[in-house]
Q: 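Shown below is the structure under consideration.
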Amino acid sequence: MADRESCRHNGKRHRHVSAVKVMRLVLPTMLFFAMCVVMCVPTPSENAAGDVADGEAAEKKAPVAEIFSGTDVYDLERMDTVSYFLRHLDKMPEPTQRIKVNYFGNLRPFFNDSNYVHWAEAERFGIRPLTDTRSHWQISCPIVRVTTCADFFLDTLIYSRPYLVPQAASTLREIGQRFRDTIAARGGGDYRIKVTSLLRTPRTVKRLRRRNRNAIDSSVHQLGTTFDISYASFVASSPSPARSVDDLKGILSEVLKAMREENKIWVKYEVGQPCFHITARKPDTE
């Protein structure tokens with residue numbers, strides 16, 4: 001008996017833990033936790049890489065804008081971060097480079113369509129003047145909101161509202177497109193026309209007459225068919241190639257001359273306020 005107890009005691013003393021058994025017990029647990037960690041860590045996907053590439057490409061194509069340093073609401077509108085079409089250089093870039101312009105003489109006698117001509121055309125498809133609050137809800141024909149886009153830039157409006165009848169809005173966009181296409185065909189430059197006035201009411205016309213001697217009671221702007229485009233200021237979205245205001249004015253004149261000859265617009269060259277006063281014409285086919 002004593003020998004057996006001694007053998008058992010010695011067996012317990014010399015028993016040791018097997019590494020293989022420990023690995024069999026611990027390894028499954030370690031593998032489980034490792035798989036959980038790998039599944040939880042996000043990895044870049046092909047779609048994410050594509051989004052990054054698209055974002056970089058869009059950033060390169062977006063117009064260049066100066067760092068915002070404005071102090072009022074108009075500066076905030078100029079640097080709107082929602083629509084990159086609102087972004088533009090604070091001033092025209094220099095030094096300028098010449099671009100081909102087909103000048104055709106003094107613009108004042110050429111673009112001299114009278115207010116009677118403008119009004120007669122506007123009555124064909126324009127709205128009735130918005131004389132009171134009720135008339136705003138009973139418009140004789142549809143009007144559309146005009147906003148800054150790739151074809152033109154809408155200036156800050158004080159005496160008018162951003163609305164036109166659809167035909168006039170389409171004509172305005174065509175002018176902007178043809179202006180930009182002409183520049184691109186002759187060497188390039190990221191410039192847009194600047195729209196300075198759209199739909200007016202008798203009330204805004206009365207206010208304007210106190211400041212602008214060109215404004216009259218029978219303003220065609222009240223019919224939603226007429227708009228003004230500046231020839232003294234253009235919007236640049238890229239610093240190069242730099243073009244002069246005179247050359248851009250000449251290209252805009254070419255576009256207006258061609259569209260006038262196509263019976264699409266009537267044009268008045270304003271002097272007091274440096275702009276082209278334009279009324280869209282209703283196609284004879286309609």
Q: Can you find a pair of side-chain heavy atoms, one from T225 and one from W119, that are under 4.5 Å apart?
A: no
Q: First locate atom CD1 of I265, then atom NZ of K257, and finally report the distance between them rounded to the nearest 0.5 Å.
A: 11.5 Å
Q: Distance-only, no hydrogens or angles: does the R243 side chain make a donor-acceptor pair with backbone N or O of Y191 under 3.5 Å?
A: no
Q: Less than 4.5 Å apart, any side-chain heavy atom of F111 and any of L256?
A: yes
Q: So L199 and S160, do their side chains get closer than 4.5 Å, heavy atoms only?
A: no
Q: Find the distance between CD1 (I193) and CG (D155) and round it off to the nearest 0.5 Å.
A: 12.0 Å
Q: Establish, yes or no, whether a centroid distance under 6.0 Å links the rings of F234 and F179.
A: yes
Q: Contact between R87 and S237 at the side-chain level, heavy atoms closer than 4.5 Å - yes or no?
A: no
Q: Identify the heavy atoms of A168 and A280 that sit nearest to each other, and give their distance.
A: CA-CB, 3.7 Å
Q: Any side-chain heavy-atom pair from I127 and V165 closer than 4.5 angstrom?
A: yes
Q: Is it true that a side-chain atom of R186 and a backbone atom of K100 form a donor plus acceptor pair closer than 3.5 Å?
A: yes
Q: If hydrophobic clusters are built by linking Ile, Leu, Val, Met, Phe, Trp and Tyr wherever their side-chain heavy atoms come under 4.5 Å apart, do F152 and V144 end up in the same one?
A: no
Q: Apply side-chain contact (heavy atoms from CB on, under 4.5 Å) to L248 and M92, showing your working.
A: CA-CA 11 Å; L248 296 176; M92 296 285 285; 3.5 Å; yes
Q: To the nearest 0.5 Å, what is the distance between OG (S219) and CG (N115)?
A: 7.5 Å
Q: Using the side chain to side chain contact (heavy atoms under 4.5 Å, CB included) definition, which of the options F104, F110, Y231, Y269 pairs with S253?
A: F104
Q: Using every non-hydrogen atom in the two residues, find where D247 and V101 come nearest and quote the distance to one decimal.
A: O-CG2, 3.6 Å
Q: Considering only heavy atoms from C-beta outward, does the side chain of Q167 approach that of K282 to under 4.5 Å?
A: no
Q: Please determine whether side-chain contact (heavy atoms from CB on, under 4.5 Å) holds for the pair I251 and N102, giving the CA-CA distance in whole Å, both sets of side-chain angles, and the decisive distance to 0.1 Å.
A: CA-CA 7 Å; I251 292 177; N102 298 320; over 6 Å; no
Q: Begin from the C-alpha positions of T182 and V255 and carry the test side-chain contact (heavy atoms from CB on, under 4.5 Å) through to its verdict.
A: CA-CA 8 Å; T182 304; V255 172; 4.1 Å; yes
Q: Would a hydrophobic clustering, with Ile, Leu, Val, Met, Phe, Trp and Tyr connected at side-chain separations under 4.5 Å, put F125 with Y116?
A: no
Q: Please check this pair: side chain of R178 against backbone of R173, looking for a donor-acceptor N/O pair closer than 3.5 Å.
A: no
Q: How long is the span from the CZ atom in F85 to the CG atom in L154, to the nearest 0.5 Å?
A: 14.0 Å
Q: Please give me the minimum heavy-atom distance between R161 and I158, naming the atom from each residue.
A: NH1-O, 3.9 Å
Q: With the side chain counted from C-beta on, respond yes when C275 and I229 share a heavy-atom pair under 4.5 Å apart, and no when they do not.
A: no
Q: Distance check, rounded to the nearest 0.5 Å: N263 atom CG versus E121 atom CD?
A: 9.0 Å
Q: Look up atom CH2 in W266 and atom CD1 in I278, then write down how far apart they are to the nearest 0.5 Å.
A: 13.5 Å
Q: Tell me the closest heavy-atom pair linking G188 and P241, and the distance in Å.
A: O-CG, 3.5 Å
Q: Looking at H277, R260, K268, which one forms a side-chain hydrogen bond (donor to acceptor under 3.5 Å, both in side chains) with D113?
A: R260
Q: What pair of heavy atoms forms the shortest contact from P93 to A236, and how long is it?
A: CD-CB, 3.8 Å
Q: Determine, stepwise, if the pair V195 / V146 fulfils side-chain contact (heavy atoms from CB on, under 4.5 Å).
A: CA-CA 10 Å; V195 182; V146 178; 5.9 Å; no
Q: S230 and K194: side-chain donor and acceptor closer than 3.5 Å?
A: no
Q: So which heavy atom on L223 is nearest to which on P129, and how close?
A: CD1-CG, 4.3 Å
Q: Quiz question: by atom type and distance under 3.5 Å, do the side chains of H221 and D228 form a donor-acceptor pair?
A: yes
Q: Quick check: do M259 and E174 have side-chain heavy atoms less than 4.5 Å from each other?
A: yes
